[in-house]
Amino acid sequence: MDISNQTASPIIELKNVYKYYDDTAVLKNVSFTVNRGETKIILGGSGSGKSTILKIIVGLEKVDEGEVWVGGENITSYTEPPLMKIRKQIGMVFQEGALFDSLSVGDNVGYRLYEQGTLNDDELLKIIKQTLGFVDMEDALEKMPSELSGGMRRRTAIARALVGTPGIMLYDEPTAGLDPITAGTIIELIIKLRDVEQVSSIFVTHRLNDAYRLARERLIQKDGRLTYQSESPDTNQINTRFIMLKSGEIIFEGTDDSLKQSQDSYIQKFFS
Ligand code: ADP
Ligand code: MG
């Protein structure tokens, strides 16, 4: 059963998008949707266009052909002022999770809100603490980025993106460079956002194990507690689907199982 398509209500949609750098097409006829509450995992080798897709959705890059829709609005030709409004709905975790090294964890997390200047210090601190609590980092408020482990830096980057409770999260290789255990804790956090907060998201990665965990586990309420649970392969209820990019083209879209069964030679090589 496919629950993602029954009451399809796209929160992100790319329609026949082409993007060129100089004369080279880095995205070719890319079309896909992310429905409300859904997670799309974008797999693809280095240089296949994954980060470019995310930059297009936040309006940091413009498309050369095609359309980009976010939250029901056609943002394809939006200028900066309307794009700022769109960006408020989106939390983006950039590749490498770049933090401001001269700012404390708390200031990194509160940065977006400071800039907006609409809240007083007490209100800001409250939101920063809540957000750090969500990523299990409440004790790190005053720490500097240089004092953090790799996993804590990624958590901070996620917390920074979460401030303002965006309905959409875009993760650009959030587990790259982390050991498997630490990567697992980041995946759990992303599952929590999907299943508890119903955040719609795009998760870009080239790490298959992390992608599969995200597609096969969910967080459920059991005896009044939240527990991570693997789903049985025959149900496919988890609202997470895969896209595979190859040199700027989508060559696969579907569930984890159908990806695994694909006979495409490029996909098979990706798995080996
Ligand atoms: P991925 O994130 O999948 O590794 P990217 O989306 O970053 O791939 O890049 C896709 C292609 O576009 C690559 O060949 C890259 O070299 C090229 N590219 C990305 N950004 C630029 C840019 N600003 N100028 C020129 N080429 C770029
Ligand atoms: Mg990239």
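Start at 1 and go down the list; that is how both ligands and their atoms are numbered.
- Per-residue contacts place Gly45 under 4.0 angstrom from the following atoms of ligand 1 (heavy atoms of the residue considered): 3 (O).
- Classification of the Tyr18-Tyr20 ring pair by plane angle, with boundaries at 30° and 60°, yields parallel.
- When only non-hydrogen protein atoms are considered, atom 27 (C) of ligand 1 lies nearest to Tyr21 CD1, 3.2 Å.
- Defined by atom type and a distance below 3.5 Å, a donor-acceptor pair is present between the side-chain atoms of Glu73 and Tyr78.
- In this structure, Thr227 and Lys222 approach most closely via the heavy-atom pair OG1-CB, 3.5 Å.
- Between Gly47 and ligand 1, an N or O atom pair is found at a separation short of 3.5 Å.
- The distance criterion of under 3.5 Å between nitrogen or oxygen atoms is not met by Lys55 with respect to ligand 1.
- Ion pairing of Lys40 with Glu253 is present here, as a side-chain N (NZ or NE/NH1/NH2) and a carboxylate O approach within less than 4.0 Å.
- Annotation for Lys62: atom NZ counts as buried by contact number, over 12 foreign heavy atoms lying within 6.0 Å.
- Taking any N or O of Ser51, backbone or side chain, at least one lies under 3.5 Å from an N or O belonging to ligand 1.
- Other residues, nucleotides and ligands contribute at most 12 non-hydrogen atoms within 6.0 Å of the CD atom of Glu142.
- Atoms of ligand 1 found under 4.0 Å from any heavy atom of Thr52, numbered from 1 in the order shown, are 5 (P), 6 (O), 9 (O), 10 (C).
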> Yes or no on salt bridge (charged side-chain N to carboxylate O under 4.0 Å, His left out) for Glu217 and Arg213, after CA distance, side-chain angles and deciding distance?
Replying inline: CA-CA 6 Å; Glu217 266 185 53; Arg213 221 180 138 198; 2.8 Å; yes

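- Each protein N, O or S atom less than 2.8 Å from the Mg ion (ligand 2) was counted, giving 2.
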Quick one, Val68 with Asn74, criterion side-chain contact (heavy atoms from CB on, under 4.5 Å). Give me CA distance, side-chain angles, the key distance, then yes/no. CA-CA 6 Å; Val68 184; Asn74 182 350; 5.6 Å; no

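- Counting atoms of ligand 1 from 1 in the listed order, those under 4.0 Å from a heavy atom of Ser46 are 4 (O).
- Taking the six-membered ring where the residue is Trp, the centroids of Phe252 and Phe242 are separated by 6.0 Å or more.
- Annotation: atom 8 (O) of ligand 1 to nearest protein heavy atom, Gly49 N, 3.3 Å.
- Some N or O of Ser48 is nearer than 3.5 Å to an N or O of ligand 1, by distance alone.
- Residue Lys15 places its NZ atom among more than 12 non-hydrogen atoms of other residues, nucleotides or ligands, all under 6.0 Å distant.
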May I have the list of side-chain donor-acceptor pairs in residues 176-187 shorter than 3.5 Å, sequence neighbours left out?
residue, atom, partner, partner atom, Å
Asp179, OD1, Ile181, N, 3.1
Asp179, OD1, Thr182, N, 2.9
Asp179, OD1, Thr182, OG1, 3.1
Asp179, OD2, Thr182, OG1, 2.7
Thr185, OG1, Arg155, NH2, 3.1
Thr185, OG1, Thr182, O, 2.6

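- The protein heavy-atom contact nearest to atom 12 (O) of ligand 1 is Val26 CG1, 3.1 Å.
- Counting protein heavy atoms under 4.0 angstrom from atom 16 (O) of ligand 1 gives zero.
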